[in-house]
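Being a predicted model, the structure only gives us computed values, none of them experimental.
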Amino acid sequence: MTVLHAVQLTVFPQLSMVSRERRHSANGHGGAVRFFTGLSGSGKSSVAHVLEAQLFSLGHQVIIVDGDNIRAGLCADLAFDVEGRAENLRRTSEVLQMFVEAGVIVLATFVAPVAADRARLRARLDDTTFVEIFCDCPIEVCETRDVKGLCLRPRSGEIVQLTGVSAPYEAPLAPDLRLCTDLESLEASARSVSVI
Ligand SMILES: Nc1ncnc2c1ncn2[C@@H]1O[C@H](COP(=O)(O)OP(=O)(O)O)[C@@H](O)[C@H]1O
Ligand SMILES: [Mg+2]
């Protein structure tokens, strides 16, 4: 305990000498987060990739932070249980904050099934331009897409707590933007996000 206390005393978060305003004028835009949430197969990554290409072509600083990539690396040690999901988004909020500080537009694509976890993530980023985008698509349609072959695996017991099937997805009650990805085209969805 004594050692831990000593370490904590040596932690002094540093502020950048380069202001947000200077980054803004260099990039032509400020840092921002577009946070896509929705079931697996609802179209988060597809819409984000179209948008990323469009924004990059315009010369913007843009990056996709994808939940699967975070799970494969930074959060590979976490389970898919309640605690693991909460910690996954806590770490993610720190990553997003760093990109925002760097003046980058982040397209974050996460199932993020727990409303309280999403709210905590948003609170960590509350002084930034944060837009929550709900990719609203019925589970039956997501299953027909079955991008990752997820529908087959729960039966064989490989994936526990598959969101929307064996674990609840708490749909956003008041998202900043709702994309009905079963009804509108990919391009139409991307357009709706780009005009925010
Ligand atoms: N209007 C649409 N918007 C988004 N995805 C769509 C749409 N119509 C069909 N799709 C397809 O649905 C699948 C969505 O997969 P993906 O984007 O990987 O979902 P997620 O990232 O939410 O798991 C893709 O195969 C995509 O081509
Ligand atoms: Mg995806």
Side-chain angles (χ1 to χ4, degrees), residues 32-55 62-75 78-82 84-86 88-93 95-96 99 105-122 125 129-155 158-196:
V33 176
R34 301 284 179 265
F35 190 88
F36 295 78
T37 173
L39 292 170
S40 185
S42 62
K44 305 178 295 295
S45 297
S46 301
V47 175
H49 279 108
V50 170
L51 198 59
E52 182 188 40
Q54 289 173 352
L55 294 174
V62 59
I63 192 167
I64 293 176
V65 174
D66 187 276
D68 281 2
N69 297 19
I70 291 286
R71 279 286 187 177
L74 178 65
C75 294
L78 299 179
F80 283 82
D81 57 10
V82 172
R85 289 185 192 281
N88 182 48
L89 281 201
R90 189 195 68 78
R91 293 183 195 174
T92 297
S93 71
V95 172
L96 301 185
F99 277 116
I105 299 168
V106 195
L107 310 177
T109 52
F110 287 76
V111 177
V114 181
D117 294 345
R118 294 196 301 267
R120 261 193 301 277
L121 176 139
R122 185 173 193 147
L125 299 155
T129 314
F130 187 100
V131 178
E132 184 181 68
I133 300 156
F134 176 26
C135 288
D136 191 359
C137 186
I139 181 113
E140 297 75 25
V141 177
C142 294
E143 279 174 349
T144 62
R145 293 172 174 171
D146 199 18
V147 188
K148 303 170 195 165
L150 292 175
C151 298
L152 300 174
R153 281 189 267 176
R155 271 175 240 139
E158 284 175 42
I159 292 182
V160 286
Q161 297 197 334
L162 181 68
T163 306
V165 178
S166 52
Y169 175 76
E170 299 171 5
L173 298 177
D176 300 305
L177 180 67
R178 179 189 302 267
L179 302 175
C180 296
T181 58
D182 59 326
L183 302 175
E184 63 194 39
S185 72
L186 199 49
E187 292 68 26
S189 293
R191 260 198 309 279
S192 308
V193 182
S194 64
V195 296
I196 298 168

Less than 4.0 angstrom from a charged side-chain N to a carboxylate O is my criterion; do Asp68 and Arg71 meet it?
no
Out of curiosity, Ile70 CD1 to Thr92 OG1, how far, rounded to the nearest 0.5 Å?
5.0 Å
Can you tell me if Asp136 uses its side chain to pair, donor with acceptor, with the backbone of Cys180 under 3.5 Å?
no
If you measure from CZ on Phe35 to CD1 on Ile133, what distance do you get to the nearest 0.5 Å?
10.0 Å
Quick check with a 6.0 Å cut-off and a 45 degree axis cone: is Arg118 positioned over the face of Phe110's six-membered ring?
no
If you look at every heavy atom in Ile63 and Glu52, which pair is closest and at what distance?
CA-OE2, 4.0 Å
State, yes or no, whether a side-chain contact exists between Leu89 and Arg120 at a heavy-atom distance under 4.5 Å.
no
Taking all non-hydrogen atoms of both residues into account, name the closest pair between Pro172 and Thr37 and its distance.
CG-CG2, 3.8 Å
Does a sphere of radius 6.0 Å around CZ in Phe130 hold more than 12 heavy atoms from other residues, nucleotides or ligands, not counting ones at 6.0 Å or beyond?
yes
Nearest-0.5 Å distance, CZ of residue Arg178 to OG of residue Ser192:
13.0 Å
Between Thr109 and Val65, is there a side-chain heavy-atom distance shorter than 4.5 Å?
no
For the residue pair Ser189 and Glu184, what are the closest heavy atoms and their distance?
OG-OE2, 2.7 Å
Under 3.5 Å, side chain of Lys44 to main-chain N/O of Cys135, donor-acceptor pair present?
no
Heavy atoms, side chains only, cut-off 4.5 Å: are Phe36 and Leu51 in contact?
yes
Provide the closest heavy-atom pair for Gly84 versus Leu78 in the form atom of the first, atom of the second, distance.
O-CD1, 3.7 Å
Output for pair (Leu107 CG, Phe99 CZ), nearest 0.5 Å, gives 11.0 Å
What heavy-atom pair brings Ala112 and Tyr169 nearest, and what distance separates the two atoms?
O-CE1, 4.0 Å
Kindly say whether Pro113 contributes a backbone atom to a donor-acceptor pair with the side chain of Arg85 at under 3.5 angstrom?
no
Mind checking the OG-CZ spacing from Ser93 to Arg91? Nearest 0.5 Å is all I need.
11.0 Å
Would you call Leu39 and Cys137 a side-chain contact if the rule is heavy atoms closer than 4.5 Å?
no
Using side-chain heavy atoms (C-beta onward) and a distance below 4.5 Å, is Leu96 in contact with Leu121?
yes
Could you walk me through whether Arg34 and Thr129 satisfy the side chain to side chain contact (heavy atoms under 4.5 Å, CB included) test, starting with their C-alpha distance in whole Å, then the side-chain angles of each, then the deciding distance to 0.1 Å, before giving a yes or no?
CA-CA 8 Å; Arg34 301 284 179 265; Thr129 314; 4.1 Å; yes
Would you find a donor on one side and an acceptor on the other, under 3.5 Å apart, between the side chain of Thr181 and the backbone of Ser42?
yes
